[in-house]
Amino acid sequence: MNLAAKDIQHNFGRFALTALGIGMLLMIVMGMGGIYRGLIEDATLLVDRIGADLWIVQRDTRGPFAEISRVPRSLVYRALAVPGVESAREFLFHTIQRQHHGKPLRMSVLGLSWPLDKGEWLPLVAGRPLAQNHFEMVADTSLGLRLGEQIALGKDLFTIVGITTGMVSSGGDGMAFVTVWDAQAIQFDMPGEAIRLERAARERRSQTQDVFLSQPALGEQLARPTAELPGITAPQLSAVVVQVAHAADSARVAAVMAAWDDISVFTRSGQEDLLVQGMVDKARRQLGMFRVLLTAIATIVMALILYTLTLDKLHSIALLKLIGAPNRVILGLILQQALVLGSVGYGIAYVVGQQLFPRFPRRVVLTNPDLVQLAVIVLVISVLASLVGIWKALRVEPNEALMG
Amino acid sequence: MSERLAIETRSLKKVYGSGNTEIVAMHDATLTVRRGEVIALLGPSGAGKSTFLTAVGLINPPTSGQIAIGNVPVLDGPRPLVNLRRFRRQHIGYVFQKSNLIPFLNARENVQVALELNGAPPRAARRRALDLLAELGVADRADHGTSMLSGGQQQRVAIARALANQPSVILADEPTAALDSHRGRQVMELFQRVAHQHGAGVIVVTHDHRTLDVFDTIYEMEDGVIRRMAPLSTVLSTR
Ligand SMILES: Nc1ncnc2c1ncn2[C@@H]1O[C@H](COP(=O)(O)OP(=O)(O)OP(=O)(O)O)[C@@H](O)[C@H]1O
Ligand SMILES: [Mg+2]
């Protein structure tokens with residue numbers, strides 16, 4: 001006969017409620033671990049999916065995701081000239097927040113290197129990749145845009161031609177894919193008035209300089225679009241992504257590029273490390289602290305509950321001692337209940353979590369190692385929590401059974 | 001000493017509290033119970049009967065004096081000479097005045113647990129528990145929770161548990177207080193039968209003078225001292 005089971009049966013309602021409470025607490029602990037895993041996955045997902053061997057970014061920056069990086073467009077051709085490089089592509093990435101149907105819409109815009117890259121690698125769930133070099137967009141389902149819907153960005157109207165799933169930036173914002181040209185147009189869009197004012201300012205500046213006064217034709221140049229002015233840099237890229245040929249050694253290729261003074265170069269895993277260590281690290285520690293706190297709270301709550309459950313049984317425990325039950329039996333009674341409480345709580349946490357976590361705005365990823373780790377933690381805190389009750393139970397004198 | 005004694009107590013003294021709250025509950029209590037002997041312990045309230053019984057039951061050690069059970073010295077004053085808990089489990093059956101049962105077990109399980117603690121396999125323990133309950137007339141309540149039993153039924157379950165391991169000593173503190181006289185007598189006769197069949201020594205604290213004829217010997221306790229009473233016929237004739 002299992003005394004622990006009998007007692008649980010007898011106090012089933014109370015026990016079930018307690019397990020539910022513990023389960024909810026554990027679910028939060030579980031969820032926090034999952035949120036952290038989600039952060040890492042989101043952070044590295046894009047780098048993974050793009051699958052580039054090398055990332056060339058502005059010198060001494062940790063771009064293009066962790067911070068802003070600017071490189072000239074011509075870098076693509078320089079990269080292509082390095083022996084062992086199979087392909088080099090333009091990469092443009094920036095996050096915008098616009099108003100769409102009266103609601104704020106945050107999206108991370110990624111420029112695809114048209115025509116080399118039409119977005120065939122994207123995990124499409126509907127529609128198709130880009131088919132023309134302008135005004136088409138593939139959007140992630142998390143943005144809430146529908147296939148065929150049109151969205152105004154800058155001075156242009158984009159049509160959603162494809163929908164991806166699970167493509168979010170490390171900040172958790174849904175991604176939108178357009179050609180590099182369009183991405184630049186969105187990024188560097190200026191209102192007409194701003195352009196007019198800028199032109200006026202140019203003209204005024206030119207009035208004070210002899211060279212413009214002596215050569216009026218030069219002044220006329222100033223009225224041309226910014227992008228056409230030789231003295232002003234063309235819109236830039238965030239990075240250049242490089243694919244190394246199969247036979248080539250990417251470390252050798254990287255070493256060649258690293259010698260260029262205007263850029264820094266990262267391998268794929270280096271880029272992932274930047275994201276995980278830099279951007280996600282604080283979040284990880286933040287969540288870690290919460291997990292520790294919640295685990296401690298769960299332990300205390302469990303200890304308290306097990307202690308009161310033991311207090312309620314004190315008379316029975318004294319009686320058991322009176323009829324000669326060894327301490328092993330008493331200890332087993334409390335410890336088994338603690339373990340049942342812990343494991344049922346864990347089960348509830350898992351089952352409820354499975355239903356609840358997918359509804360969270362950001363990804364919550366439950367990995368097997370994390371689940372096993374939490375199970376071990378629950379085991380440990382169950383044992384710890386039972387100690388106070390066990391201590392109390394072992395101190396009860398058998399003749400206390402005759403009182404009260 | 002060649003005689004086989006179930007219980008032997010010598011000069012038991014019990015002092016509760018200290019200073020000016022000190023109470024001497026038991027004072028030079030000396031008593032022997034032979035195997036197979038059933039004795040009654042009478043006495044007014046507060047005389048120290050329960051104190052004596054719990055001392056002999058090894059759950060309330062005396063301040064001084066010696067206790068031997070089955071010719072084995074078990075307590076010298078408060079000092080245990082054997083593993084008391086194992087000794088209780090193997091050799092002593094208890095029925096106390098009240099709150100005898102474990103509330104989260106049903107009637108059958110309350111008996112079964114005593115058997116299983118002594119190493120009985122669950123199936124055998126279950127069967128024996130049901131037999132004992134039947135013998136005490138509560139077989140139909142075997143699956144009831146203890147809170148659904150009447151006081152008398154609870155007491156009978158406790159008696160079944162006390163008898164379960166065929167102990168060499170049975171200690172009962174007013175076991176029949178909650179029973180009608182017919183049932184009361186039945187229980188006393190059961191004790192007598194167990195004592196005679198298995199050679200157990202039985203001490204029953206009772207106020208019920210109608211069943212005194214069942215007992216082999218009658219003692220009276222007053223102000224912490226135990227006296228052997230005149231033969232039964234004399235006791236009855238003074239009533
Ligand atoms: N735990 C205790 N602490 C202090 N005093 C106690 C304790 N238990 C009993 N006493 C006292 O010891 C004396 C004997 O008590 P005991 O319970 O042995 O009497 P009793 O003969 O069983 O009485 P009753 O017939 O009412 O059950 C009483 O004066 C009682 O107040
Ligand atoms: Mg009493």
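Any value given below was found using the heavy atoms of this structure, including those in side chains, with hydrogens, waters and symmetry copies removed.
- Looking at Arg88(B), its side chain does come within 3.5 Å of a backbone N or O of Leu322(A) through a donor-acceptor pair.
- Using a 4.5 Å cut-off between heavy atoms, Leu3(A) contacts chain B through both its backbone and its side chain.
- To the nearest 0.5 angstrom, Met1(A) atom CE is 8.0 Å from Leu117(B) atom CG.
- Side-chain contact between Arg161(B) and Leu319(A) is present, with heavy atoms from C-beta onward closer than 4.5 Å.
- One distance of note links OH of Tyr94(B) with CG of Leu402(A); it measures 9.0 Å at 0.5 Å rounding.
- Interface summary for chain A: among Asn83(B), Leu58(B), Val113(B), the most heavy-atom pairs under 4.5 angstrom belong to Val113(B).
- In terms of modelled atom types and a separation under 3.5 Å, the side chain of Arg86(B) and the main chain of Pro326(A) share no donor-acceptor contact.
- For Arg85(B) (side chain) and Ala325(A) (main-chain N/O), a donor-acceptor pair under 3.5 Å exists by modelled atom type.
- Applying the 6.0 Å contact sphere to CG of Asp140(B) captures more than 12 heavy atoms from other residues, nucleotides or ligands.
- In this structure the side chain of Pro398(A) never reaches within 4.5 angstrom of the side chain of Asn60(B), judged on heavy atoms.
- Glu109(B) touches chain A through backbone and side chain together, each having a heavy atom under 4.5 Å away.
- Of the two parts of Leu105(B), only the side chain, counted from C-beta on, holds a non-hydrogen atom closer than 4.5 Å to a non-hydrogen atom of chain A.
- Atom CD1 of Ile323(A) is separated from atom CG of Leu115(B) by 9.5 Å, given to the nearest 0.5 angstrom.
- Both the backbone and the side chain of Ile59(B) have a heavy atom closer than 4.5 Å to some heavy atom of chain A.
- In terms of non-hydrogen atom pairs under 4.5 Å with chain B, the most contact-rich of Asn11(A), Leu320(A), Asn327(A) is Asn327(A).
- Atoms CG and CD, from Asn106(B) and Gln9(A) in turn, are 9.5 Å apart once rounded to the nearest 0.5 Å.
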